[in-house]
Amino acid sequence: MSTPVLFAYWVTALCFILALKGLSSPKYARHGNMIGAFGAALAVVVTLCLHGLGHRWFIIIAIVFGALLAVPAARLVKMTAIPQMVAIFNGVGGGAAALVSITEFVRLHDTDTNAAASAVVFTAIVGSVSFSGSMITFAKLQELMTGRPILVPGAQYVTSAIALGALGLGIATVPASSVPLLVACGLLSLVLGVLFVLPVGGADVPVVISLLNAFTGLTVAASGYVLDNTLLIVAGTLVGASGTLLTQLMAHAMGRPITGVLFGAFRGGSTAGSTAEVATGDRAVRSAGAEDIAILLAYARKVAIVPGYGLAVAQAQHTIRELVDLLEGRGVQVFYAIHPVAGRMPGHMNVLLAEANVPYEQLKEMDEANPEFTSTDVTVVVGANDVVNPAARDQVGSPIYGMPILNVDEAANVVFMKRSLRPGFAGIDNALLYHPKTTLFFGDAKDSLSKLVAAVKAL
Amino acid sequence: MNNIGLLTIFMLSVFVGFEVISKVSTILHTPLMSGANAIHGIILVGAILITGDAHGAVQLTLGFIAVVLATANMVGGFVVTDRMLEMFKGRKPTPSSDVVQNGGAK
């Protein structure tokens, strides 16, 4: 490759470092993303203009085709569905990286060195796991399948056996330099990716997406080694390293070790136990209408709002703000308590409420909010469940045990706005729903909030 | 490039990757993940290179699929990240809160 091309690749690598740097500060995040996109576009254009590149138009058609698939999907997706969008894009990237190495192997397999062949095997395994694993996370988040951990007795032995099988085939591929063995290894790894993600509970899925993201990064780096392309090595490694760290940070924000996220479901039948409890549950709940709750809120001194995924689904962020404004107009002190993983991705609620122009001072992070609940008269939980479930604090066997929660049960009254008594995304029953100081207000979050707004105005 | 050179690059990239995001706040976890996701779409460069050298229908087909998937990863990744970050700009008190309200209500 000529020096100008290598220089352009160097600029791209620099852009990517600056992009990651920018993305980690709120002020420069958007610039960071633009810089990254610029760098990527530069590298692609320079590569397309390479002297002697074959099948140029064929490649350009493929690029246009890919962009036509991705851009409308990315532009039109609802804010609530963004995590699964990220999962899909990550999966296809992993698949692409595996295909690149495999194709290179098919083309040159007689002349390959052992080191390069090992890198090919690495991309075939890790890229395939990332691809099929991401597709399962997509299915879970899109609710094409249950968000609960799926556990088959003995599953861990099957998974281990398949992992060993894929590894064995991979090791055999290197000296034999055999394409069929490599393909078999890749196919087995696809199965492995599925089995790897199935036992992960719904609430933990974002952490897994982040981990698979790091996997894809490493796959790209290994492909870079196979192709002797420094840009791919640098970019892939950057993502691999930052993705690993990010996975740890996310797991930490949920108060769980990363091994607990991945393998937690294998330890004992805790999930099964909580399901049985739901089945026995015809415990009494107390529900009330808009007027009663409006009175409760309007005459309170201090009200906390706990938003969750239900608020996002119903697009009720503007309505909740209207209600809060009304209450403040009546002299009620109101704050929003934001759990770091409320919704389906970290920061989901901040994004949503920012869209409705909720003043930043009204938002309290978990550590700041928790001491406030003892002096709060009414806590309104809008479409959240797992993040306020006391089982995380009290019930040692529970799958979410140890996750820090908002201690809303310390408030004098709790109002739950829910569509039904169905458990939250993690599939765990919430004892707080049946607590004597809890009132339920059934319905879609937006409808319910509109009714509340009308009722408070009528007072 | 020789293996030691590549290993050096790999090692330094690991450190840079850790360093640049070590102080990220919780609210940016998802956009950052998404941005990093878009960055590994650079595998498109690799996909272009192998397709350019492809011989025969099998290699061309594999290359075509790789280019399509890699493009989806890269382009989709950057677009979706931008959409997430768009939401952060309304943090300051803006005079046009009505406009925002209408825009968000659709």
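All chains are named by letter (A, B, ...) in the order of the sequence lines, taking the proteins before the strands, and each is independently numbered beginning at 1. This is a predicted model, so every value here is computed, not measured.
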[X] atom [atom1], neighbour heavy-atom count above 12 within 6.0 Å:
| X | atom1 | answer |
| --- | --- | --- |
| A:Phe58 | CZ | yes |
| B:Phe15 | CZ | no |
| A:His31 | NE2 | no |

Starting at [atom1] of [X], measure out to [atom2] of [Y] and round the result to the nearest 0.5 Å.
| X | Y | atom1 | atom2 | value |
| --- | --- | --- | --- | --- |
| B:Ile21 | A:Lys21 | CD1 | NZ | 10.5 Å |
| B:Ile50 | A:Arg107 | CD1 | CZ | 8.0 Å |
| B:His29 | A:Thr247 | NE2 | OG1 | 10.0 Å |
| A:Leu48 | B:Ile48 | CG | CD1 | 4.0 Å |

Please look at [X] and chain B and tell me whether the side chain, the backbone, both or neither of the residue comes under 4.5 angstrom of a heavy atom of that chain.
| X | answer |
| --- | --- |
| A:Ser25 | backbone |
| A:Leu76 | backbone |
| A:Leu20 | both |
| A:Ile63 | both |
| A:Val77 | both |
| A:Ala19 | side chain |
| A:Ile82 | side chain |
| A:Leu353 | neither |
| A:Asn213 | both |

Find the one option among [options] whose heavy-atom pairs under 4.5 Å with chain A are most numerous.
| options | value |
| --- | --- |
| B:Val80, B:Val75, B:Leu69, B:Leu12 | B:Leu69 |
| B:Val14, B:Ile39, B:Val16 | B:Ile39 |
| B:Ala72, B:Gly77, B:Gly56 | B:Ala72 |

| Derivation of the side-chain contact (heavy atoms from CB on, under 4.5 Å) call for A:Leu23 and B:Thr81 | CA-CA 10 Å; A:Leu23 279 166; B:Thr81 311; 4.2 Å; yes
I need the residue from [options] with the largest number of non-hydrogen atom pairs under 4.5 Å to chain B.
| options | value |
| --- | --- |
| A:Gly22, A:Ala96, A:Ala115, A:Ala235 | A:Ala96 |
| A:Ala70, A:Gly39, A:Gly54 | A:Gly54 |
| A:Gly32, A:Gly66, A:Gly243, A:Ala41 | A:Gly66 |
| A:Leu99, A:Thr319, A:Val239 | A:Val239 |
| A:Ile88, A:Leu245, A:Leu238, A:Ile233 | A:Leu245 |
| A:Tyr9, A:Tyr225, A:Phe65, A:Phe89 | A:Phe89 |

How close do [X] and [Y] get, heavy atom to heavy atom, and via which atoms?
| X | Y | answer |
| --- | --- | --- |
| B:Leu32 | A:Ser24 | CD1-N, 4.4 Å |
| A:Ala29 | B:Leu28 | CB-CD2, 4.2 Å |
| B:Val45 | A:Asn229 | CG1-ND2, 3.9 Å |
| B:Thr71 | A:Ala67 | CG2-N, 3.6 Å |
| A:Ser242 | B:Gly17 | CB-O, 3.4 Å |
| A:Val86 | B:Ser34 | CG2-OG, 3.8 Å |

| said: With a 3.5 Å distance limit and no angle check, can you tell me whether A:His55 reaches the backbone of B:Ala54 through a side-chain donor-acceptor pair? | reply: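 A pair under 3.5 Å: yes.
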| said: Has B:Arg83 got a side-chain atom pairing as donor or acceptor with A:Ala74's backbone, closer than 3.5 angstrom? | reply: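 Looks like yes, one N/O pair under 3.5 Å.
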| message | Using side-chain contact (heavy atoms from CB on, under 4.5 Å), reason through B:Phe10 and A:Val234 one step at a time and then give a plain yes or no. | response | CA-CA 7 Å; B:Phe10 174 77; A:Val234 172; over 6 Å; no
Heavy-atom side-chain contact between [X] and [Y] under 4.5 Å:
| X | Y | answer |
| --- | --- | --- |
| A:Asp228 | B:Leu6 | yes |
| A:Thr216 | B:Asn37 | no |
| B:Met84 | A:Asn33 | no |
| A:Leu50 | B:Leu49 | yes |

| Can A:Val100 and B:Ile43 be said to form a side-chain contact (heavy atoms from CB on, under 4.5 Å), step by step? | CA-CA 8 Å; A:Val100 166; B:Ile43 187 62; 4.1 Å; yes
| request: Take B:Asp82 and A:Met34 through the side-chain contact (heavy atoms from CB on, under 4.5 Å) test and state the conclusion after the steps. | output: CA-CA 8 Å; B:Asp82 190 59; A:Met34 301 280 181; 3.6 Å; yes
Contacting moiety of [X], where chain A heavy atoms sit under 4.5 Å:
| X | result |
| --- | --- |
| B:Met74 | side chain |
| B:Ala47 | both |
| B:Leu44 | side chain |

Expected list for residues 58-66 of chain B: side-chain donor-acceptor pairs under 3.5 angstrom, two or more places apart:
unit_1, atom_1, unit_2, atom_2, d
B:Gln59, OE1, B:His55, N, 2.9
B:Thr61, OG1, B:Ala57, O, 2.6

| field | Donor-acceptor side-chain pairing of A:Asn90 and B:His40 below 3.5 angstrom | value |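 Their side chains do contain a donor-acceptor pair, which is all the 3.5 Å distance test asks for.
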